[in-house]
Amino acid sequence: EDVKLQLKWVTQSQFAGYYVAQAKGFYEEEGLNVTILPGGPDIAPTQVIAGGGADVMVDWMPAALAAREKGLPLVNIAQPFASSGMMLTCLKETGITSPADFADKTLGVWFFGNEFPFLSWMSQLGLKTDGSPGGVTVLKQGFNVDPLLQKQAACISTMTYNEYWQVIDAGIAPEDLVTFKYEDQGVATLEDGLYVLEDRLADPAFQETMVKFVRASMKGWKYAEANPDEAAMIVLENDQTGAQTETHQKRMMGEIAKLTAGSNGALDVAAAERTVASLLSGGSDPVITKAPEGAWTSVITDKALAE
Amino acid sequence: MKDTISQNQPVIEAKGLNLVFQTADGPVQALKDVNLTVAKGDFVSFIGPSGCGKTTFLRAIAALEHPTSGTLTVNGMSPDEARRKRAYGYVFQAAGLYPWRTIRGNIKLPLEIMGFSKADQEERVQRVLELVELKGFGKKFPWQLSGGMQQRASIARALAFDADILLMDEPFGALDEIVRDRLNEEVLKLWARTGKTIGFVTHSIPEAVYLSTKIVVMSPRPGRITDVIDSPLPKERPLDIRDSREFIEIAHRVREGLRAGHHED
Amino acid sequence: MKDTISQNQPVIEAKGLNLVFQTADGPVQALKDVNLTVAKGDFVSFIGPSGCGKTTFLRAIAALEHPTSGTLTVNGMSPDEARRKRAYGYVFQAAGLYPWRTIRGNIKLPLEIMGFSKADQEERVQRVLELVELKGFGKKFPWQLSGGMQQRASIARALAFDADILLMDEPFGALDEIVRDRLNEEVLKLWARTGKTIGFVTHSIPEAVYLSTKIVVMSPRPGRITDVIDSPLPKERPLDIRDSREFIEIAHRVREGLRAGHHED
Amino acid sequence: MNRALPVLTVLLGILAIWYAAAVWMNATWVFDQAERAGTTVTWAEAIPQTMAQERPLLPPPHQVGAELWKGLFGQAVTSKRSLVYHGYVTFKGTMMGFGLGIVAGVLLAMAIVRFRVMDMGLMPWAIISQTIPIVALAPMIITLSSQLGLTARDVPKAIIAAYLSFFPVLVSMVKGLRSPDQMQLDLLKTYGAGEMATFLKLRLPASMPYFFASLKVAVAASLVGTIVGELPTGAIEGLGARMLIGSQFGEPLIMWAALFAAAILAGLLIVVVGVVERLAARRMGVRA
Amino acid sequence: MSWVPAHSGWLAGALMLWLVLWAASVMLARREGRGVRLVVPVLFGLSLLVLWEGIVRAWAVAPVILPAPSVIAAKIAASGPVLWQDFAQTILKGAVPGFLIGAGAAFAVAILIDRSPFLQRGLLPVGNFVAALPIVGLAPILVMWFGFDWQSKAAVVVVMVFFPMLVNIVAGLQASERMQRDLMATWGASYLQTLLRLRLPAAMPFVFNGLKIASTLALIGAIVAEFFGSPIYGMGFRISTEVGRLGLDMVWAEIAVAALAGSVFYGLIALIERGVTFWHPSQRK
Ligand SMILES: Nc1ncnc2c1ncn2[C@@H]1O[C@H](COP(=O)(O)OP(=O)(O)OP(=O)(O)O)[C@@H](O)[C@H]1O
Ligand SMILES: Nc1ncnc2c1ncn2[C@@H]1O[C@H](COP(=O)(O)OP(=O)(O)OP(=O)(O)O)[C@@H](O)[C@H]1O
Ligand SMILES: Cc1ncc(C[n+]2csc(CCO)c2C)c(N)n1
Ligand SMILES: [Mg+2]
Ligand SMILES: [Mg+2]
């Protein structure tokens, strides 16, 4: 069977499990022919799946839930990432030591559907994001960490597995930085999960395919966790731009392994509900307006994990 | 017998011809009550100040404009029919050769459109190139030839499909006097050789007098014919004839006719 | 007294003039060993086939080209100096009016550049507009006028600042014969009224003979003077003079001169 | 020779300004780092450091040159690390878009010249189409083309490239097809030629110089379109994708090298199109 | 997606209306006049919108893929302040100043190198070459240099506009005919007099040609640059963010604003051109 998987971002170790499953023949063993479609700055996985360009996608839960409210019935079928890797990284010299110091500072944030966790965090802190005095000034951060290096922002969004290390590589010592992990602030939302369209799930044949897919993918993830360097090299082989470097990807794999650790693929419903609660508490401008129904299911993981 | 009859049957006959253009500024009467009969083998020159309707009349003959009223027949039929019977060879002021075709290609163009056979096309191109003394220049592009040669090529093009009537609208207006003299001589020779009926527009009095058997003097606003002069000059005309008494007299009459019809603009 | 002296002092004097253009295909000798003396008040026509150097010679006089060797003086000084002294009015074949200026604006242009006072400018524009019979057309743009009117405006522009020498390079080449006739008459009148020295390039034999006191016949490759004819015609010249025996004789001589120097191209 | 000298002078001038700017811009970082480390550096010490940073704000020419050299000749042309390979990918996209753009431009021009409604209705929209920022449409072009079953990654790229390159062709072709003057049209009429013959024997050949003149602009536009299309649409391969990845992973040298590779590609394309133009002109009998 | 429409009624209706509009355009196009020149393209655009609406409704295309024109229109009506804020940021602060600075700088440089044929011969090929480059690739770099706000957007626009303008202005300054320049020489005019009274007016058609090209470039440049970093408003910001949020109606609303702004910008330049180069054959009535 053919399966098309749409990634959320470019080929990198963040998605190592899928590349490993493919390279090691785990998909093949299940009788699947998986095509992995890398993402990019202008590719909204939600839109691709809505247009029928993919069968299953990797995305963050906030984005999926927001899309669901827009009328695109996405369902989480598995959650290989147990914890969140998102954080705000600040320059110490700006005097920031705690979230209370954010007021009147400039913060860099990713948009394109990645902004929801940040927005709900700020509203929980009671900080306005419209640039009014006493609130924070938000910048749409581009594809790199330059705004911090050029001191255009006091803090920028980073992932533990990627941008943080670019700041370090750029020559700024960890001592000169202050980081706030969403996980630690109690505002973490679920990151890279697998989502499909609800109506397709009604088809038993599709269910069966997804069971096989999730099973093989998790096998890939666990292999990658156990063999991070090999996994990173597999990712590198799949990078068609040829611009990625081994050091970057190996280090990223190491960090990713920390996030997938402890997940067998099954969604932790409590964590999902925490995500929903956090998104709902968005004050005047919440990301979602009502608790979603049927936004996740354990049918697939139940079958996949039942050996 | 037949020859004599066709000799007397008019080739072009205009009766009470009117032609009005509708323009943004209102109607312009380009031709008013024009009457003219041209016999087979005539060489008719049209002369007159700018805007008197020379071009319009020539175009009406070739069915490029349609008269508002009056009758116009060509070989006894309507100009449109005559066009379909390939009655016209038309030569414009500028040579109007297509720059992307060689001289040979330019001459072939009407033949292709009229569907002559390949062999016939070749044969005709050869023949007219010789006729206008451009043999050996067939492979050149127009811009590789002098202005006079280009004009000869454009005449060759009009001759290639053997139309009865050759219409030329200021064909030598852009050339210098010496070249013009020579081409005038050549046109006369051609006319003598082929016996075609020729309609010729010019601004030059000597040119009109030198070439024509019939000179039509026109006058503008509205465009009309003010004088038709049948030339008494012999068919054989050396260039020197232009210094003869008869020539100067006709030229004088043409000039007077022109001056009378010419308004200040 | 002074008048007589200046009458005899040559306005333009060329001695052994050579002018060679360096082109990609090698040098082109545009003028070879040209000798000519033009007196004050002369009307000199230059005639000759294309490429014989007429334009080049006129441009050299106006310091637009610089001779390779030989001497050329204008009013006893170098052409460059003469230009700085505003000795020239130049009229080109095409009217060369600036399309973004009205007729009045075009005539004013040289006056602005030469720093005439505002009042003086107005006064002069009025005067020359009347001179060329374009009163009332000052506010029109060039493209709103007929070709003949444009050419008159360009003459007015050249007259506005009262240069001693008027140089005209085929000023009427683009006009039809009747308009040309009229402008020829007007140029003659103007010349009579102002007493300017005029250099005039033309392709037309009758035009050259009709206008000039001196006809310079030129011949190409290399460009040189083959004949200089001093006209015996009186200063007063009605258009009819063109049918006179004297006129025809001079015209004949010019034509012969041209034909001798004219090669087939 | 005397044409190369001024160009060389200008290029040398640009190089000099570039070096000066590199020193000036990269020095900030050197001084900042020194400050963080609590030391001081003089300009004399700083300048060499500005010439060899790993992540310079503005890499000096020799750094870009070295990176470019490495990308172009440092490995097999089939390697994913080779700029030749990515250049080829971009080139392919450019050519597809260029071809598509030419076809669209010519067809539309024919319709506009033939039908008055098209002229009045379509032409303004053709202009408006060029004021729409195509990048905004990129995501939708991707999903729409996958909806229509065109899953190949090249397709959206080619569509974007074609969108930018059809316009110059359209404008020139309309001008060209209308370039025959009344006299040339009338001449054909006296031959009794029909519409088809007029098109084939007159309008089309007359439009060719205009057509070829538009190609240089069109090919440049197509290249811009392809690179814009590669920036967001998946960042898989091609020079645009490399620029993006270079930016994303804080590798300015990769980005600059890709930028210059694109410049070289642009230069090559323009030269080739220029040669084609000249050859065509010669065949069409245009003066050299 | 099936090829058979789900609601064929909508399709039939839309096709009918489309045919009517089309027929009306064809009839009108036969007429002459200023109004017709305006009405026909509007009808033409309308007929396309009708077809679009019909197709979206007939096949029930998901609004997250392609919203119907009616939906977009409703969004535009509802989002006035946001659209205005984005417009002000991207067009008024980014594109327009960048355009003016770029064109002005090109003008200054063109005049500066005007007296040096040597520099011209060197700069022109380089300028022609740079004008053909995918300058958008510079956007991330300029955002890095000039920061997040409109300055970097303006900088991108300056760079994109500069070379096409320079090339056109230099070509324009050489556009006067030799005869016209010679006339100036016979009058003994100075360089400055010739420049002001002949060469600049003669250059205007070229300058406006350049300005027209530059106007569309300016828009694209300003919007693309926002993809690489921006404040949380601006047209490019809104487009990229809303795509991620599946707010396609908002994306199209911004596209409509961009097209409108671009057309007005272009039309304005064309209008000024009419006034300044009224004398040029292409502008005469
Ligand atoms: N297509 C047209 N539409 C409107 N008016 C026209 C058209 N063609 C010619 N005219 C007008 O008809 C009149 C006669 O024009 P025509 O071209 O026949 O004159 P002509 O004698 O050939 O002049 P010229 O010597 O300048 O060639 C002029 O007033 C002209 O403006
Ligand atoms: N700027 C130039 N560079 C090179 N050659 C030139 C230049 N100007 C004129 N020539 C050449 O010098 C010769 C004389 O040219 P000129 O223009 O003076 O001839 P003319 O008598 O005015 O011809 P026409 O009657 O065609 O105007 C020609 O062979 C011409 O090609
Ligand atoms: C527009 C934009 N969005 C996201 C990222 C950063 N990014 C890279 S990977 C990743 C995690 C999700 O896959 C994120 C957030 C960026 N650089 N630019
Ligand atoms: Mg005529
Ligand atoms: Mg000349």
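Not measured: the values here are computed from a predicted model. Below, chains carry the letters A, B, ... as their sequence lines are ordered, and counting in each starts from 1.
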The interface call for Ala67(A) against chain E, heavy-atom contacts under 4.5 Å, is both

Could you list each N or O donor-acceptor pair linking chain A to chain E at a distance under 3.5 Å?
from, atom 1, to, atom 2, distance (Å)
Gln47(A), NE2, Val64(E), O, 3.4
Glu115(A), OE2, Arg245(E), NE, 2.5
Glu115(A), OE2, Arg245(E), NH2, 2.9
Lys140(A), N, Ser230(E), O, 2.5
Lys140(A), O, Ser230(E), N, 3.0
Lys140(A), NZ, Glu226(E), O, 3.1
Lys140(A), NZ, Phe227(E), O, 3.4
Lys140(A), NZ, Ser240(E), OG, 3.0
Gln152(A), NE2, Met144(E), O, 3.4

Correct closest heavy-atom pair for Gly244(E) and Ala44(A) would be CA-CB, 4.3 Å

Under 4.5 Å to a heavy atom of chain E? For Pro147(A) that would be both

Honestly, the part of Leu66(E) sitting under 4.5 Å from a heavy atom of chain A is neither

If one checks every heavy atom of Ala63(A) against chain E at 4.5 Å, the contacting part turns out to be neither

To the nearest 0.5 Å, atom CZ of Phe227(E) lies from atom CZ of Phe112(A) at 8.5 Å

Honestly, the part of Leu139(A) sitting under 4.5 Å from a heavy atom of chain E is both

